[in-house]
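Order of the sequence lines fixes the chain letters, A, B, ..., with proteins taken first and strands second; residue numbering starts at 1 for each chain. These figures come from a predicted structure and were not determined experimentally.
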Protein chains: 2
Amino acid sequence: MQRSVSTFRLKAACSNCNLRELCLPVDLSIDEMQQMDDLSRLKRGYARGDYLYRSGDKFQSLFAIHSGSFKTQALHEDGREQVTGFQMYGEIIGLDAICTDHHTCEAVALENSEVCELPFNKLEALSRKLPSLQRHLHKIMSREIVRDQGIMLLLGSMRAEERLAVFLLNLSQRFAARGLSQTQFQLRMSRQEIGSYLGLKLETVSRAFSNFQESDLISVKARAVELLDLPGLHSLVGKQL
Amino acid sequence: MQRSVSTFRLKAACSNCNLRELCLPVDLSIDEMQQMDDLSRLKRGYARGDYLYRSGDKFQSLFAIHSGSFKTQALHEDGREQVTGFQMYGEIIGLDAICTDHHTCEAVALENSEVCELPFNKLEALSRKLPSLQRHLHKIMSREIVRDQGIMLLLGSMRAEERLAVFLLNLSQRFAARGLSQTQFQLRMSRQEIGSYLGLKLETVSRAFSNFQESDLISVKARAVELLDLPGLHSLVGKQL
DNA sequence: CGCCGGATTGAAGGTACTCAATCCGTGTGG
DNA sequence: CCACACGGATTGAGTACCTTCAATCCGGCG
């Protein structure tokens with residue numbers, strides 16, 4: 001059992017499923033990687049608008065997004081629904097369901113996407129054998145908690161334009177982490193969905209986009225966005241009360 | 001190794017640390033319970049205002065609150081801070097730190113409290129041996145994610161009075177789960193802290209309290225609260241938009 | 001061409017914020 | 001013992017920001 005495999009090899013090993021969050025930091029032997037690969041063999045395609053899971057579905061698996069992107073949204077008893085996150089390829093989805101054995105929100109494909117299913121029982125069994133996988137699984141869950149707390153901060157104390165700036169900079173960073181342009185990208189979601197995520201009405205989102213364009217911070221045409229002044233956007237965050 | 005130990009025995013076994021969240025649902029043998037007890041042997045006291053940990057502290061352990069209560073708050077770069085949660089005895093705290101190996105928020109005692117320290121390395125090692133503990137740990141983390149998403153919903157789409165009603169009903173439920181009165185209790189936190197948690201200013205919180213009292217939904221005097229009309233409070237949630 | 005959904009823009013209104021004064025309970029010192 | 005100071009809580013008035021409602025625009029598609 002040889003350890004200290006290069007990150008490069010690991011990427012290759014997990015090639016059947018782009019498990020950016022799940023694989024990369026884990027330091028596994030060839031044999032162990034083979035086990036990971038076995039685990040993530042099920043890959044399925046979803047068309048835009050398809051549900052990956054719905055609220056109330058029995059929990060069986062986590063899902064690693066291999067290509068495309070999703071939104072997750074929570075449904076309130078009174079009919080209100082709120083987007084709780086946008087996930088792109090390389091991210092893990094479905095962690096909310098572990099605690100009740102049933103999904104508490106629903107996941108919808110924002111574009112044609114491919115997803116690897118990770119049966120959670122098998123994942124737990126494997127992580128009992130591989131401490132580095134175990135730790136990594138814990139880190140993924142912890143990161144989700146931290147991410148959510150960041151959004152709580154945003155929703156609880158930021159003004160509309162700050163929220164949108166944070167949102168755009170976050171997207172930018174995630175595109176950059178995938179080797180894509182950090183300044184030019186296509187939004188996969190509607191103004192309505194952005195608003196739901198940021199706790200704003202779609203008109204407010206639209207106005208904020210227009211204001212940013214007016215200030216030469218961004219260029220926006222429908223869902224095509226270009227960030228023209230990253231420092232300017234950054235300085236917008238945390239300005240006022 | 002005998003399994004299927006009664007819940008009652010489990011409670012007793014974990015008596016040195018009231019690990020409501022961590023122990024109760026786990027179905028362990030006597031020997032395994034002993035290992036849990038060994039794990040949670042370190043118990044420390046904290047006075048009102050003491051920090052359990054600060055933002056940036058190296059991550060070593062999770063903490064199980066044995067008595068008393070805490071608040072956790074996140075610090076923004078620009079100096080803003082926001083309360084991300086109130087924890088009472090029986091709850092686990094510190095999950096945010098796993099992903100970066102450093103605490104991303106700080107925990108402050110709201111009253112004199114006792115806390116069991118759970119060294120995370122040992123917890124992970126033990127959970128590799130005990131699948132039921134492993135699953136339980138995952139559930140705790142998942143529950144934290146679901147809880148945070150509930151707050152996102154609250155912050156993103158509820159009006160001030162709805163937020164306060166949700167807050168009071170949540171407290172009520174947690175007191176009830178501990179065998180305390182679900183209608184009469186002492187708040188451990190200031191209006192300012194409630195406001196920070198709910199994304200409101202302290203004046204708004206105060207006004208909402210007064211309005212509830214005016215409507216005979218609650219009786220409130222400083223930090224002493226009595227819920228007079230639970231159904232009324234429930235019906236307030238999810239009313240409008 | 002005309003429809004449709006999504007996006008933009010405008011005007012009016014409402015909710016929560018800001019600023020400021022007052023109140024209240026507790027603890028301190030004369 | 002009372003006076004006073006202090007922090008937390010309450011209440012009021014004016015304002016800012018976001019929402020609401022409504023009209024218009026734009027691009028894609030039948």
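Side chain of A:R143 to backbone of B:T100: no donor-acceptor contact under 3.5 angstrom is found. Using a distance-only test at 3.5 Å, with no hydrogens or angles considered, no donor-acceptor pair links the side chain of B:R223 to the main chain of B:Q186.
Each of B:L236, B:L164, B:L233 was checked for a side-chain contact (heavy atoms from CB on, under 4.5 Å) with B:L169, and the lone residue meeting it is B:L233. Checking B:R48, B:R188, B:K71 one by one against B:E111, the salt bridge (Lys or Arg N to Asp or Glu O under 4.0 Å) holds for a single residue, B:R188.
Between A:L155 atom CG and D:dC18 atom P there is a gap of 13 Å when expressed in whole angstrom units. Between the CE atom of A:M158 and the C1' atom of D:dC17 there is a distance of 17 Å, rounded to whole Å. Rounded to whole Å, the distance from NZ on A:K201 to P on D:dC21 is 10 Å. Following rounding to the nearest Å, A:L164 (CG) and C:dA7 (P) show an atom-to-atom distance of 13 Å. Atom pair B:L202:CG and C:dA21:P shows a separation of 17 Å (rounding to whole Å applied). Taking atom CG of B:L198 as the reference point, atom C1' of C:dC17 lies 16 Å away to the nearest angstrom.
Side-chain atoms of A:I93 and A:Y53, non-hydrogen and from C-beta on, do get closer than 4.5 Å to each other.
For the side chain to side chain donor-acceptor pair (under 3.5 Å) test, no residue two or more places apart in sequence or in another chain qualifies with B:S206.
Contacts with DNA chain C (heavy atom under 4.0 Å) in residues 185-194 of chain A: A:S190, A:R191, listed by number. At a non-hydrogen distance threshold of 4.0 Å, A:E203, A:T204, A:R207, A:K221 from residues 203-227 of chain A come into contact with DNA chain D.
Within 4.0 Å of A:L200, counting heavy atoms only, lie sugar-phosphate atoms of the nucleic acid but no base atom. Using a 4.0 Å heavy-atom distance criterion, A:G195 is classed as making no nucleic acid contact.
Counted by atom type alone, A:R207 and A:N211 present zero donor-acceptor pairs between their side chains at under 3.5 Å. No hydrogens or angles considered: a donor-acceptor pair under 3.5 Å links the side chains of B:Q87 and B:T72. No side-chain donor-acceptor contact under 3.5 Å links B:Q149 and A:D96.
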